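So you know, we letter chains A, B, ... as the sequences are listed, proteins then strands, and number each from 1. These figures come from a predicted structure and were not determined experimentally.
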Amino acid sequence: MAGLLLSPTEKVFILHGVQDDYRSDGRSNIDYRPMELETDVVSHASGSARLRLANTDILVGVKTEIDVPKPDKPDCGKLEFFVDCSANATPEFEGRGGEQLANSISNMMQKAYHSSQAFNLKQLCIFEGKQCWKLYIDILILECGGNLCDAVSLAVKAALFNTRIPFVKAALMDGGNIDLQLSDDPYDSKLLDVGSAPLLVTLCKIGDKCVVDPSAEEENCSVISLIVGLTGDRKYYYPKDADKQQSVESKCTTIGMNGPGSVAPKTLKDAINQGIVAAKSLDEALGQALLKERQQNIGIKKHSYGFLK
Amino acid sequence: MAEIYKLIHPLKYFTDYISREVRPDGRKFDEQRNIKLNVNSLKTAEASAVVKCGNTTVVCGIQLELATPKAEEPDLGYLVTNLELPALCSPKYRPGPPSDHAQVTNYLVSDIITNSKCINLKDLCIVPDKLAWVLYCDIVCLDNDGSLVDACIIALMASLKTLCLPSVTYDNDTEDIKVNADIRTPLKVHGLPVATSFAVYKLPDRNILLTDPSAYEEEMCGGIGANFIVCSNEGLLCGTQKFGGSNLLSDSQEESLKISRDRTNVVKKVIETSIKNDNEFVS
Amino acid sequence: MDKENAKGIGKICIPGMRLSLSNKEFISGPGTYELKGYIYATLAGILKMEADEKTKATMVSVESPRTPSVLPKAGDIVTAKVTVVNSRMVQCMILCVGSSILARPYKGILKKEDIKSTDKDRIDPYKCFRPSDVILARVLPMTEIHWYHLSTAENELGVVIAVAEGSPQGVSMVPISWSEMQCPKTLVKEPRKVARVIPENINQTMFQESKGDTEQNSK
Amino acid sequence: MPLDYRRFNGPDDSVSYKRFTDNYLKSYDELYEELIDKNSRRKDGRKLDEARSMCMFFARTDLISQAKGSAYIELKKTKVVCSVFDPREIPHQNEFSQLGQLYCEVKFAPFSCVRQRRPHAPDAEERALSVALRQALEPAVCRHLFPNYQVDVFVYILEHDGACLAAAINAAGLALANASVPMYDIITACSLAIIGEKVFVDPTEAEEHLAIMSPDTEGTNHGIITMSMMSELKQVSDFMQIGSMDVQCVTKVMEILEKECETIVPNIQKVLVLNVVQCFNQRKQLEAEAKEREAALNAKMEEWKKILNAG
Amino acid sequence: MKDVFLSNCEKSFLQRIVSEGHRLDGRNYNESRRLNISFGSEYGSCIVSLGETKVLAQVSCEVTQPKQIRPNEGILYINVEISPMAAPQFEANRQTDLTVYLNRLLEKCYKDSKCIDLESLCIVVEEKVWSLRVDVKILNHGGNLIECSSIATLTSLAHFKRPDVTRSGDSVIIHTIAEKDPIPTVLYHYPVCMTFAIFNNDVLLSDPSFIEESVCTSSTEEGINTGGGLLVVGMNQYKELCLLDLNGAALYDSNIVHKAIVSAADRSKEIVDLVKKIIISDDTMRQKRSKINFADIITSEHMLSLTQKELTIQLKNYNVDDMTSKTERMQVEDDVKSEPSKYDVVPSLPQTAEIVSKKGGSQWIEISSDSEEDQ
Amino acid sequence: MGMEKNVSKDFKLKPMKCELNFLSKSDGSTILSQGDTVAVVSVNGPLDIKSTSQSIEKSTLEVLYCTKGGKPSVADRYKENVIRQTCETAILGSLYPRTGITVTIQELEDYGGLLSCCLNCTCLALLNSGVSMRCVYAAVTCAVDESGDIVLEPPKHQLQTARAVMTFVYDSREKSLVTSFTEGMFSEDTYKEALARCHAASDLIFSFYRDIVSKYANVI
Amino acid sequence: MTGHVSIRLASERVNACVASGSELPRFYTPGEVISGMQDFMRGHGTYAEDDCLKASVAGVMQKVNKLICIRPLKSRYVGEIGDVIVGRVLEVQQRRWKVESNSRLDSVLQLSAVNLPGGELRRRSAEDEQMMRKHLQEGDLISAEVQSVFSDGSLSLHTRSLKYGKLPQGTLIKVFPSLVKRRKNHFHNLPCGISVIIGNNGYIWISPQKHDLMVEGNVDEIQNYDMQPVTRSDRETMARIKNCIAALVASKMMLDDTSIMFAYEESLKYELVKDLLDPEAMLDIAFLTQHRINNIMEE
């Protein structure tokens, strides 16, 4: 965010705040600001979620499409992330302004979801080597008040959790092409297993400490921030079969750095560990919220609250 | 000091040299720069060559693909030559899509190749109307210090001469394709076109012909790129291009033709020797 | 790096190399920076240690074999070519900084009031510069992006090379006073803000030497 | 894909002939077999923890005459060229910035990759690499010395046989120093591929390819890590990881990376020193010539002064 | 694009004379400038001039794959270009709002009005269809581009004939004009766009000139709008409305639109009749094998034009056929006995060779091969 | 062949037709037809342009070549380059520093020798626009047909069968070669002969220029 | 250590609006006729058309005898002479600074309108011009007073008083200008040991109270004072006040020292400051504050 300016004195104030683990709005270095989540907000998408973290507002829609798998990965589906920094998020996004940021975020997500241990693409396979599902994950940034990556990853996971993929029967016809039968009943569909889907945690290095969920001002004071993608834990999302599978400790699916500064190796390690802690609590909170919502509107067609206060 | 002078009095600086029968880099008017050629040093390409004429450095790599021929000419393959002038090869270029100058040079190179008829596109067709080779010849300029076209042609020809096509079997009924990369046959190349660039410079009394000009000389002679290119193939001319710059008088015509003749021979030797070495090196 | 010492070039250093302590007697000069009480090199080049006369400290600096890729600093003397003249200011292209050549020219701007030191209010840029003049000027602190503010308000600064209207390319005028130049061929006189040097001959000699071979009698 | 009017285009349905060779599709294990032989040597005869930089690091400066500074780095088959130019105006930027900018661009030669032909227009991977490169270099450059201007760093990858980001960073660092852009420290980079328990230092393209492929067995670590360091200042300037691995693995690997980055430094130093020596020797000669020039010049100056003082 | 500004006195003057019932070029309110259509040698290329405004339209066709949603329909693509040739204020290959606007209007008028039978352009369903491409180039911008270019588009489409095809099995043979007579495009109806300039909400000028256009859309110096605007009416020969577009100031009473439509109806009739007539006459001429060419535009008797039929020179006849071989022989010889060139070729590293001019080697850094790693 | 050599006979150039001031909005414009090949050219300038493309010592020349239909291509850029470079030598740009001159060429009919037609047309348009020029130039195309004869201004059908096609541009002052571009292969002698002939033919075009200008002069 | 994360669902969303005692005034929307043209003067936010006065913005009417204005509910700051504002330096120009002040056009601070170190109104020399960036640079926050309003509506500021000028450590909150009442005094030293500047332009500056060690001159002392870390207790109160203001803004309540102070006192029942971040707490505080204000009104 180039637009925001800070005076040296403000920076000093924030910096000292981080030093003694007490930030200008009273949070500690690993506290997140309260968030608001709603899934299934876009009726036309197969899955969608809207997440608001302080002033950061993210809308994610998931669309499904039938596609041909990659020749070198015949039994896998496809994921595609697209980030759109709409110009009314901040004036800098005017024209091509947001492109750089959008690219870097979608890159981050692509990398984070790359490994099968983060998100298993096999569950999107319809007929090996011939047909598979392709998920278009469109991320719309409606307003940005800092800490985009985390918010985006949360929203995406929520949207995927909420995504329904229709059942299809595939049969191999002569001449090698496939004939698909989609059932007419829209409720005849399956949910995805997204328990292990990764969450991104941004750690902003201010002074020689790192903070999570930085406000726009705090982002402005830090020269370097570390982004860690960590796999989630299924037990938060599928408590029923929690007993079956032991709690796996989360894994790094991607690590990236961002900003003109540099860090000492020591700090880097600490930051990663701090990230894991944050990610765990995020994951848990998200899981609870999602399950709760699912509870609330079992059976009844859920009424969507949308954006209005 | 000389640098400063060059900067402040660009024209005078240059004319002073020329009027004294010497070029700023100490060459004579009809003297070309050293050429260094190196084939098959890139393993990812099917065939490749690196050539360096003075400072001008050009890399050419060829990649093979298969496609169905055009409906209009079902028995011809494709030869796609592209010259890339990335921003790193000269401060004049900006990153982004190719500039007009790049496009013009690109056109010149492929034009020379087509005119010289050194590759018969029929040779690239495997099964008429069904399958044909696509030769993607990508030429990259790493350092543009003038006479770009010459270097490009050398690099391109050298790599074409070393190119071998793998054997392909095509089943007409099942339409499936089998390629055996181990059995290869060399591509037929007819003749060897060689381009010779000149820069025409106008002195008050006469016009000077500078052989194999450097980027600086090209600039001084007006226009980007050399303003006179003679291209000959096996004794026949296959294209003379002159744009703008100073005018060309008939005597310098003669001279240019002669110079290009000699150069053709020399370049031919170079390519042959380097390919010979390569074969020795492989065996 | 003692083996380089043997080469008789001097101590060779490269970026990030720790050169010395940074304290009273060692201060960091061009091509170096100091961090946590030490002086490090920022360039690949040769270590220079000369005593600074006023503060008795030794200035530690690194000299690069080629002109470092930095821009004109405030206070530098630059050589520039005038491109645009209008009633308020003069625009020009900065070609050299000191003796080092710039690969890319940078835009310079010379405000009306910075042209002369005396009677600032009666300056007419048209009577001081013409497009394609070559001038010497001093760099003022940068306040605008992409425009270096220059000043010629010194006797040594101003036009060094100028070609009179209509006289042939390369025939430069000779200064005949601090405010006038004359073309040796056409004897045209034109007003300029003249710098106190004799440009034409310097370049003449410069050139002849630079050629290495001797055409002294060419002129 | 829209047709590119500025170039010659081939047919749009063309595919590389490799698709039709017998050994195109291979299973994970087959590929794995290929990488290491029984006495745990890699295809090119290296040990696992052996970087190419140790045996066949090949770097040159002053490759490109037109550039301010340039470098060429070769790690066995991976070949990278980099050139750096003088600061120039930042296009359409209008607020005053105290710090200069670095503009980095990484481009693959169309013929640089084994698997597919590279498009001319920059694709996602190239853009990502460019960002990473900038990220890695920025901390090392004294950007306050060219406010409002940008230094261009162009990297061209002629041949890609793994670790190309690391190579690009090393080359760029070298080129920057060669262009005498003020820097806080030499910047070096190295990358690793992790497949299960095995750690491939400075991996080849084949190894990287396998490392980012997801193994069939759950829970095994795999991925690639690239790290760039300023070894004198002990600072990590960029750290990129992809795949899936537990934290212990990451931290363990970081030590190795640090070590590797350090081992590259002397190579870079040597190249730079040689370059400096070369330049100075050249300059000596010039200075010698310049001397008598000065003398003559001063003489002329004197007599002109006289004339001037006369009238 | 730099915009052209009009002085206030120009504006006010025009406003006044218009309100007094006059026009700058002495026309009546609903009088159009001279319309002139001339064809090129190929089918579907024509230049339409409306007064000073000149527009070139060219239809070309190629076989492509149809769109997924319309597997049995051909494709019509309209592309408008305004080069600096039209008027100095336009920049080279830069899309201006005007270009986009014009393009959209024509698409509305000719694609969305379904005047062309796209099904007839289908060759093989879901595989091969004809895609027609209309290139509209503005040669001279003398006002009322919309009307002029729409007439051009219509004429070129109506005039265009595509090559005939025959299908044998799965392969499709495209015949040249020589082999088989080409097929004309089927048009259900002939829509034309007409422009009306509206001055202070009641006056209606058909076929406005450049200055009239710019005045009626501009506002007075106080920025208060003059109730003027440009009204575009698209209508076919059956007086069926197919597009209505107003830009400029908002307009209060609807009956002015009605007025416009009424006069448009007659005008469209005229234009379409003219177009049809001209195409027929052109056809008959082509039947008679008489040459038709854009060269005919050039008025020979015009004071600024010149024609020279006979340009002849005396040259000695000369045949190179056998010379070539001879020269080659010559060259072969002097290759053999060519004086030792001053360069010698030395094989240096493996895979490489270099020329070294005798006076000394060059110092360069080659892209090394694997053979030298001992750095 | 011996006897053929000393027989001399008439060679025809295609009939030329042109009209100046064809377009009202441009500073100078011409439509020219050489046989069936037709082109329109408009010249605008010298006029003010954006500072980035200004040059302080001469005016910047911008050439735009518009095909009749279809998409832009690399070949068009090449044509633009040829025309621009040729005009550069003809125009005295140094008289109009920091301005721009825009030349726009629109092809109308191509029956062989289009590019030379465009070049000549451009020259006329420049004359018409009143931009000061060092000299005028004339472009002549000739072809070497399969029998080896050199044909001046060949018609389309001959072009397709021709061995080689060459185009030369001469200036009006010392009648020396300004621009040349060729297709196909040919021997040096053929090349020289072709040069000589086109040189001769260029005079006709110069005289054509002279006539139109004199006619023009009468008008004003 | 574990981070504190709370994700609530949209269904649990709270409605932040607080019913204030006073009833709502008449509300106009653009194009709506206010009155006949006769004997009225058209002011801001209105326009005249076929002899009617119509509203051009959505807002409430303000009538100063003959002059009719419509004050928009939310707009950028419209400055008046004498206003106290908090602004941020955007750009250093020739002998003046550009200051961002949340108004339509950036405001200017003339070099001649500041107290330079070394006090007194001395003549601005060329050195000063070159030292400008030393004095105030891009990003610096200042408090200033509106000296005059240019014809185009942009403001000219001055800091020619000790209370104005560069701001020390602290934090800034941006609120709608329409939520700030014009008062005699905008500099408040709250009893809780925190000083607040409520800029008319909706920028509110919270900082620990200055100690008296730094009066006049002695620049470097000020400098190193500025760099001293703020005490923990101060920091907590500042955070609390910041969150309180946020709470008030969230439910669109007017801001002045009393309302802020009330809110602060109410908030003390939440001992953890970060608890004030979640909507219920914010609403609660806003509500209680409104309640107290109403009580005062009644007295």
(message) I'd like to verify something: which residue of G:S207, G:G139, G:P279 has the highest number of heavy-atom pairs under 4.5 Å with chain A?
(response) G:G139

(request) Identify whether the distance between the nearest side-chain nitrogen and carboxylate oxygen of G:D106 and G:K98 falls below 4.0 Å. (result)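 No, no charged N to carboxylate O under 4.0 Å.
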
(request) Over 60° means perpendicular and under 30° means parallel, so classify the ring planes of G:H158 and G:Y164, tilted if in between. (result)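 If you compare the ring of G:Y164 with that of G:H158, the planes turn out perpendicular.
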
(request) May I have all residue pairs that pass salt bridge (Lys or Arg N to Asp or Glu O under 4.0 Å) and include part of residues 270-279 of chain A, sequence neighbours excluded? (result) A:K266-A:D270

(message) List the residues meeting salt bridge (Lys or Arg N to Asp or Glu O under 4.0 Å) with A:E10, not counting sequence neighbours, and say none if there are none.
(response) G:R88

(message) I need the residue from A:P34, A:A278, A:A285 with the largest number of non-hydrogen atom pairs under 4.5 Å to chain G.
(response) A:P34

(request) Under 4.5 Å heavy-atom distance to chain A, tell me which part of G:Q137 shows up: side chain, backbone, both or neither. (result)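 Contact with chain A involves the side chain of G:Q137 alone.
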
(message) Given heavy-atom pairs under 4.5 angstrom as the criterion, report whether the side chain, backbone, both or neither of G:D140 touches chain A.
(response) both

